[in-house]
Amino acid sequence: MICPYCDYEESKVIDSRPAEDGSAIRRRRECLSCGKRFTTYERYGERPVIVIKSDSSSEPFSREKLMRSIMVACAKRPVTPEQIDSLISDIELAVRTASGEVSSKDLGEMVLDRLAPLDEVAYIRFASVYKDFQSVEEFAGALEEIA
């Protein structure tokens, strides 16, 4: 495994444990060159999940892309990285076990369903981008949904 700090190609595993409800293994590693520690995850090499977008194009599901959008919504909010990771793992598991295809609309709804109980402000932030609010009334309607 290549060290993310110094690009050295060898590291040693100092801890391994199950993660994401047993569907992955979390490994803590230590670089043999610089001595810094980093975390890696080992996951199944499964068939890719395809996301069908609103314009009917498709793209592979990207855990990283989903994480970026959720982290933007949760910026400066009391939501921990572990909560975000758990939310994403839950969505990914649901999508993988369903059919291998998911619409971007359904994916957005899954995020909203899981964000609402975590943090209302993060929910509204995500909803404002996902639902593409065009007016104050639409924004107010979303606020009423969670109130």
Side-chain angles (χ1 to χ4, degrees), residues 1-133 138-139 142-143 145-147:
M1 185 61 60
I2 296 174
C3 175
Y5 302 103
C6 71
D7 293 330
Y8 190 69
E9 292 187 10
E10 293 188 36
S11 62
K12 67 179 180 180
V13 175
I14 54 176
D15 182 44
S16 289
R17 62 181 64 175
E20 301 172 14
D21 299 325
S23 64
I25 297 174
R26 177 186 178 269
R27 299 193 194 280
R28 284 294 291 162
R29 297 178 178 270
E30 184 175 316
C31 177
L32 296 178
S33 175
C34 69
K36 291 191 178 179
R37 294 182 176 187
F38 56 98
T39 303
T40 60
Y41 289 89
E42 182 178 317
R43 293 183 178 83
Y44 293 114
E46 300 174 348
R47 65 186 170 127
V49 172
I50 303 300
V51 177
I52 310 298
K53 299 171 82 171
S54 57
D55 65 357
S56 299
S57 65
S58 63
E59 65 180 43
F61 173 82
S62 170
R63 181 182 178 86
E64 291 74 26
K65 185 175 179 180
L66 187 59
M67 181 173 283
R68 278 192 309 270
S69 64
I70 293 172
M71 289 186 78
V72 167
C74 295
K76 298 182 181 181
R77 299 297 306 155
V79 179
T80 66
E82 291 79 19
Q83 289 173 306
I84 294 171
D85 192 53
S86 176
L87 184 148
I88 293 169
S89 295
D90 187 41
I91 291 171
E92 187 174 18
L93 183 62
V95 169
R96 286 194 187 283
T97 56
S99 68
E101 272 190 8
V102 64
S103 71
S104 58
K105 181 181 186 305
D106 290 342
L107 193 57
E109 291 297 330
M110 287 180 193
V111 171
L112 289 174
D113 290 344
R114 288 159 178 83
L115 262 183
L118 274 182
D119 188 87
E120 292 176 344
V121 173
Y123 171 90
I124 290 297
R125 287 177 178 171
F126 189 88
S128 68
V129 173
Y130 164 69
K131 293 186 177 185
D132 192 26
F133 295 149
E138 290 177 12
F139 194 85
L143 286 172
E145 285 178 24
I146 62 170

Donor-acceptor pairs under 3.5 Å, side chain of residues 104-113 to any protein atom, not counting sequence neighbours: which ones?
| unit_1 | atom_1 | unit_2 | atom_2 | d |
| --- | --- | --- | --- | --- |
| D106 | OD2 | S103 | OG | 3.2 |
| E109 | OE2 | Y130 | OH | 3.4 |

Note to self: Could you work out, with side chain to side chain contact (heavy atoms under 4.5 Å, CB included) as the rule, every residue matching V72, not counting sequence neighbours?
What the structure shows: none
Item checked: Interatomic distance, K65 atom NZ to R68 atom CZ [nearest 0.5 angstrom] -> 7.5 Å
Which pairs of donor and acceptor atoms, one on a side chain in residues 85-92, lie under 3.5 Å apart (sequence neighbours left out)?
| unit_1 | atom_1 | unit_2 | atom_2 | d |
| --- | --- | --- | --- | --- |
| D85 | OD1 | R63 | NH2 | 2.6 |
| S89 | OG | R63 | NH2 | 3.1 |
| S89 | OG | D85 | O | 2.9 |
| D90 | OD2 | R114 | NE | 2.6 |
| D90 | OD2 | R114 | NH2 | 3.4 |
| E92 | OE1 | R63 | NH1 | 2.6 |
| E92 | OE2 | R96 | NE | 3.4 |
| E92 | OE2 | R96 | NH2 | 3.2 |

Check: Once you round to the nearest 0.5 Å, how far does CD1 of I2 lie from OG1 of T40?
Finding: 12.5 Å
Margin query: Working to the nearest 0.5 angstrom, can you tell me the gap between C6 SG and K36 NZ?
Written below: 8.5 Å
Notebook entry, point to check: Do you know the tightest heavy-atom contact between I50 and P60?
Noted result: CD1-CA, 4.3 Å
Next item on the list: Indicate the atoms forming the closest heavy-atom contact of L66 with S69, along with that distance.
Entry: O-OG, 2.9 Å
Note to self: Using every non-hydrogen atom in the two residues, find where A122 and L115 come nearest and quote the distance to one decimal.
What the structure shows: O-CD1, 3.8 Å
Checklist line | Contacts of type side chain to side chain donor-acceptor pair (under 3.5 Å), residue T39, not counting sequence neighbours | finding: R28
Next item on the list: Please round to the nearest 0.5 Å and tell me the distance separating atom CD of E59 and atom CD1 of I52.
Entry: 9.5 Å
Notebook entry, point to check: Is R125 reaching over with its side chain to a backbone N or O of A75, donor-acceptor style, under 3.5 angstrom?
Noted result: yes
Margin query: I'd like to check V51 versus S62 (side-chain heavy atoms, cut-off strictly below 4.5 Å). Are they in contact?
Written below: no
Check: Name the one of R29, R27, R26, E30 that satisfies side-chain contact (heavy atoms from CB on, under 4.5 Å) with D15?
Finding: R26
Margin query: I need the full list of side chain to side chain donor-acceptor pair (under 3.5 Å) pairs touching residues 1-12, with sequence neighbours left out, sorted by first then second residue.
Written below: none
Note to self: Using side-chain heavy atoms (C-beta onward) and a distance below 4.5 Å, is C3 in contact with S33?
What the structure shows: no
Item checked: Non-neighbouring partners of Q83 that pass side chain to side chain donor-acceptor pair (under 3.5 Å), sequence neighbours left out -> T80
